[in-house]
Every structure is written in structure tokens, then in C-alpha cells.
Novice: 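Questions regarding the structure given below will be posed in turn.
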Amino acid sequence: MTDTVQTTAPTPRKPRMQSPLWQILRGFAEDRLALIGFLVFAAVVLLAIAAPLIAPQNPYDLAQLDIMDGGLAPGEASFSGMTYWLGTDPQGRDMLSAILYGLRISLLVALVSLGCAIVIGVIAGTASAYFGGRVDTFIMRIVDLQLSFPSILVALILLALFGRGVDKVILALIIVQWAYYARTVRSSAIVERRKDYIDAARCLALSHRRIMFRHLLPNCLPPLIVVGTVQIAQAIALEATLSFLGVGVPITEPSLGLLISNGYDYLLSGRYWVSVFPGIALLVTIVSINLVGDRLRDVLNPRLQK
């Protein structure tokens, strides 16, 4: 007789669940272009925050300006021996310092308006999907009406009523942007509202506020993160357009758009650097944000996962 040995197949290990943050970091590590975009945008943010510490001068402090340094070409030294690597404008402002300070205003306007617009859009979109009926119809008709007009047109009309100022631009961008987030959250929340865990929460007699923001909203965040990232670039571009047209931030608190506008009149005289260098800074910032947003869309979309 021969002894038979019974062997049992090893039980397969369950795949370890990865956190969303780990998925995002891994997704950026796999895409070199997106990683470069993320690093560039992080560097832009750090430069904007540290502008008062690293800028050669405060370009909007009249005591630090010298009219004799006006119109210096990039790399040219002033009478005091200071080298302006990006040149100066006709008023003697160092363009490198002006760009760093302009980044602060542009990012401030974009991020503050983004945060406020997301809060309003999330509340409106979640309530529209959760309650449905007349509430849904009323909110979505307002969203459809606003999105039927170009964003720049709505912002121009609002600033014509409000006037110039950083706070006025932020308010105008909030009004322009909230509808995007409301529609994004509603489209995701409608799908989640029909699932069993929402019915179970209702059977437990939980409050509407708790069901909406504790159970329903967290499952709608991935598309909201992607849209929010892309909207940062759009907000910066929109603010730059408004400032270029002369209806945005005042001249005492200039952004990148206003710097481009101020140098536009000097292009034909050969002083290209007054307008070109702020334009390059604006382009690099927007492209880096778009690269990050595109990669986030791929990482957070389950249909694109292997």
C-alpha cells in the first residue's frame, strides 16, 4: 500500500486595500510628466508664499524704487551695482520681484474663490440630489441658466457693478464657479442616493444633514477633487483676463494679468521683458495645474484602473 498525501491548495491572499492618498501618490510616481507638473506647481506656491523673504525688493514700496533704474534689460546692472536678472519696468520695479508678488495675488484670488465656491456648490448639489423634486428643479434651473452664459461675460458684468478690488474679484469668481461644483456633485450624488446604505440610514431615522454630509457626500468627492484642481487653473486664467482688461485687481495689488497689461504698451518699444516674463510665469503655472488635474482624473476614475 502506498500512502497518499492529501494536499490543500493555499488560500489566496486578499488584495490589500490601498488608501486614496496612496493611490494618488503612486499614480504621480508612474507618470513622469504629471510628477514634473506637481513639483513645478508646488515650487510656484512656495515661491509665492516666501516672496517677501526672497524677492530682491518690494516692487510696490515707493521708497525702494529708483526711476534711474527704469527700463533696464534682463541681466543689466543698475547704478547701485544691483543686477536685475529679469530687468525692470519703466518705473524701476524689479520684474522678478513683481512676478513673485503677482503670484501671491493670483493664487490668493484663485484658492479663496475656489474654497468658497466649492462649499456653496457642494451644499447646493447635495441638497438637489438628495431631496429631488421641486428642490432639484429649482437649483438645477439656476445652474443651467448661469452655465448658459460665458464665465468671462458674467464676471465682467459683476465687476462692472461691484467695482475693482481683490475682494470684488473673489466674489465675482465665486458666483461664476459655484455652478460647476453643484452640477458635478449632483451627478454623483444621484447615483449614490439610490444605493442601499442611504435607505438603511433613512430607516435608522438619521437626520437629513447627517445622511447628506456624513454618508452621501464622501462618496462624491473623487470627481469633485478633479474638477476643483482644473478650476484652479481656470480661476487664475480668468482673474488674469479680468486684470488685463482693467476691471480686476487694482494697480496697488497687481497680479500676473495686470503685470502683462502694464507691459503690453512697451512691446513695440523693444522692452519685451515687462510683459513676456509675467506671461511665461502665468503659462507655467496654468500648465502645471492642468497636468496635475489630468493625472488626478486618471487615478481617481475607477474605469481607468488596471
Novice: Can you tell me how far apart CD1 (Ile232) and CG (Leu114) are? Round to the nearest 0.5 Å.
Specialist: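 The CD1 atom of Ile232 sits 5.0 Å away from the CG atom of Leu114.
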
Novice: Is there a side-chain contact between Met212 and Leu217 in this structure, where contact means two heavy atoms from C-beta onward sitting under 4.5 Å apart?
Specialist: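 Not touching, per the 4.5 Å side-chain cut-off.
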
Novice: Apply side chain to side chain contact (heavy atoms under 4.5 Å, CB included) to the pair Arg295 and Phe38, showing each step before the final yes or no.
Specialist: CA-CA 10 Å; Arg295 189 55 184 166; Phe38 175 78; over 6 Å; no

Novice: Indicate yes or no: at least one non-hydrogen side-chain atom of Ile54 is less than 4.5 angstrom from one of Leu100.
Specialist: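 SC-SC contact between Ile54 and Leu100 confirmed.
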
Novice: Looking at every non-hydrogen atom in both residues, tell me the closest pair between Cys116 and Ile174 and how far apart they are.
Specialist: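 Taking every non-hydrogen atom into account, CB-CD1, 3.4 Å.
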
Novice: Is it true that Ser128 and Asp136 share a donor-acceptor pair across their side chains at a distance under 3.5 Å?
Specialist: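 There is such a pair between these side chains.
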
Novice: Rounded at 0.5 Å granularity, tell me how far CG in Leu256 sits from CG in Leu282.
Specialist: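 So the gap between those two atoms works out to 5.5 Å.
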
Novice: In this structure, are over 12 heavy atoms from other groups packed under 6.0 Å from Phe131 atom CZ?
Specialist: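 Counting other residues, nucleotides and ligands, CZ of Phe131 exceeds 12 neighbours.
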
Novice: Cluster question for you: counting only ILVMFWY and a side-chain heavy-atom cut-off of under 4.5 Å, with indirect links fine, are Leu47 and Trp85 together?
Specialist: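 Cluster IDs for Leu47 and Trp85 differ.
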
Novice: Are Ile289 and Leu46 connected in a single hydrophobic cluster, I mean Ile/Leu/Val/Met/Phe/Trp/Tyr linked by side-chain heavy atoms less than 4.5 Å apart?
Specialist: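 Different clusters: Leu46 never reaches Ile289 through Ile, Leu, Val, Met, Phe, Trp or Tyr contacts under 4.5 Å.
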
Novice: Side chain to side chain contact (heavy atoms under 4.5 Å, CB included), that's the test. Do Tyr180 and Leu147 meet it? Break it down for me.
Specialist: CA-CA 8 Å; Tyr180 295 101; Leu147 294 180; 3.9 Å; yes

Novice: Give, for atom OG1 of Thr126 and atom CD of Glu192, the distance between the pair rounded to the nearest 0.5 Å.
Specialist: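 Thr126 atom OG1 to Glu192 atom CD measures 11.5 Å (nearest 0.5 Å).
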
Novice: Return the minimal non-hydrogen interatomic distance between Ser151 and Val176, and the atom names on each side.
Specialist: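 Minimum heavy-atom contact is CB-CG1, 3.5 Å.
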
Novice: With clusters defined by side-chain heavy atoms of hydrophobic residues (ILVMFWY) lying less than 4.5 Å apart, directly or transitively, does Ile190 cluster with Phe213?
Specialist: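 In one cluster with Phe213: Ile190, no.
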
Novice: For the pair Arg271 (side chain) and Tyr266 (backbone), establish whether a donor and an acceptor sit closer than 3.5 Å, ignoring hydrogens and angles.
Specialist: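 Side chain of Arg271 to backbone of Tyr266, a donor-acceptor pair under 3.5 Å: no, none is there.
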
Novice: Flag the pair Val45 / Leu107 as yes when at least one side-chain heavy-atom distance between them is below 4.5 Å, and no otherwise.
Specialist: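 Yes, side chains in contact.
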
Novice: With rounding to the nearest 0.5 Å, note down the distance linking CG in Leu258 to CD in Glu253.
Specialist: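 Taking CG in Leu258 and CD in Glu253, the distance rounds to 11.0 Å.
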
Novice: Go through the steps to decide whether Leu296 and Val230 satisfy the test side chain to side chain contact (heavy atoms under 4.5 Å, CB included), and finish with yes or no.
Specialist: CA-CA 10 Å; Leu296 282 176; Val230 176; over 6 Å; no

Novice: For Arg214, look at atom CZ and say whether over 12 heavy atoms of other residues, nucleotides or ligands are found less than 6.0 Å away.
Specialist: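 Open.
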
Novice: Would you check if Pro74 and Phe277 make a side-chain contact, meaning some heavy-atom pair closer than 4.5 Å?
Specialist: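 They are in contact (side-chain heavy atoms under 4.5 Å apart), so the answer is yes.
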
Novice: Got Gln146 and Trp178 here, is their nearest side-chain heavy-atom distance under 4.5 Å?
Specialist: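 Gln146 vs Trp178: side chains touch.
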
Novice: Cluster question for you: counting only ILVMFWY and a side-chain heavy-atom cut-off of under 4.5 Å, with indirect links fine, are Tyr181 and Val191 together?
Specialist: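 Tyr181 and Val191: separate clusters.
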
Novice: List the steps, then state whether side chain to side chain contact (heavy atoms under 4.5 Å, CB included) holds for Asp89 with Asn262.
Specialist: CA-CA 9 Å; Asp89 66 0; Asn262 293 338; over 6 Å; no

Novice: Got a donor-acceptor contact below 3.5 angstrom from the Asn219 side chain to the His215 backbone?
Specialist: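 Yes.
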
Novice: Are side-chain heavy atoms of Pro59 and Tyr101 found at a separation under 4.5 Å?
Specialist: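 Yes, their side chains come closer than 4.5 Å.
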
Novice: If you count heavy atoms of other groups shown closer than 6.0 angstrom to CG of Asp61, is the number above 12?
Specialist: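 Check passes, neighbour count above 12.
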
Novice: Please indicate whether Ile280 has more than 12 foreign heavy atoms, meaning atoms of other residues, nucleotides or ligands, lying under 6.0 Å from its CD1.
Specialist: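 Count over threshold, so yes.
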
Novice: For residues Gln177 and Ala117, report the shortest heavy-atom separation together with the two atoms involved.
Specialist: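 In this case the closest contact between Gln177 and Ala117 is CB-CB, 3.9 Å.
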
Novice: Check Ala48 against Arg104 and note the closest heavy-atom contact, atom names and distance.
Specialist: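 For Ala48 and Arg104, the tightest heavy-atom pair comes out as O-CG, 2.8 Å.
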
Novice: Would a 4.5 Å heavy-atom cut-off, applied to side chains only, mark Leu96 and Tyr84 as touching?
Specialist: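 A side-chain contact is absent here, since even the closest heavy-atom pair is not under 4.5 Å.
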
Novice: Any side-chain heavy atom of Leu171 sitting closer than 4.5 Å to one from Leu158?
Specialist: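 Not in contact.
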
Novice: Please check if the side chain of Ser261 supplies one atom and the backbone of Gly257 the other of a donor-acceptor pair under 3.5 Å.
Specialist: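 It does not hold such a pair.
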
Novice: Could you tell me whether a side-chain N or O of Ser288 sits under 3.5 Å from a main-chain N or O of Thr285, the two making a donor and an acceptor?
Specialist: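 Looks like yes, one N/O pair under 3.5 Å.
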
Novice: Quick one: closest heavy-atom pair of Val249 and Glu239, and the distance?
Specialist: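 Nearest heavy atoms, Val249 then Glu239: CG1-OE2, 3.8 Å.
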
Novice: Between Trp273 (side chain only) and Leu72 (backbone N and O only), is there a donor and an acceptor less than 3.5 Å apart?
Specialist: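 Yes.
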
Novice: Is a side-chain N or O of Thr88 found less than 3.5 angstrom from the main chain of Gly71, in a donor-acceptor match?
Specialist: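 Pair found, side chain donor or acceptor close to backbone of Gly71.
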
Novice: Distance-only, no hydrogens or angles: does the Ser188 side chain make a donor-acceptor pair with backbone N or O of Val185 under 3.5 Å?
Specialist: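 No, Ser188 side chain to Val185 backbone: no donor-acceptor pair under 3.5 Å.
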
Novice: For Gln57 and Asp94, which heavy atoms make the closest approach, and how far apart are they?
Specialist: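 Smallest heavy-atom distance, with atoms named: OE1-N, 2.9 Å.
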
Novice: Taking atom CZ of Arg141 as the centre, report whether more than 12 heavy atoms of other residues, nucleotides or ligands fall under 6.0 Å from it.
Specialist: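 More than 12 heavy atoms, drawn from other residues, nucleotides or ligands, come within 6.0 Å of this atom.
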
Novice: Please check: side-chain N/O of Glu76 versus main-chain N/O of Ala73, any donor-acceptor pairing under 3.5 Å?
Specialist: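 Side chain of Glu76 to backbone of Ala73, a donor-acceptor pair under 3.5 Å: yes, one is there.
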
Novice: Any chance you could measure Thr184, atom OG1, to Gln231, atom CD, to the nearest 0.5 Å?
Specialist: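 Nearest 0.5 Å value for the OG1-CD distance: 8.0 Å.
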
Novice: How long is the gap from CD1 on Ile198 to CG on Leu216, to the nearest 0.5 Å?
Specialist: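 Here the interatomic distance stands at 4.5 Å.
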
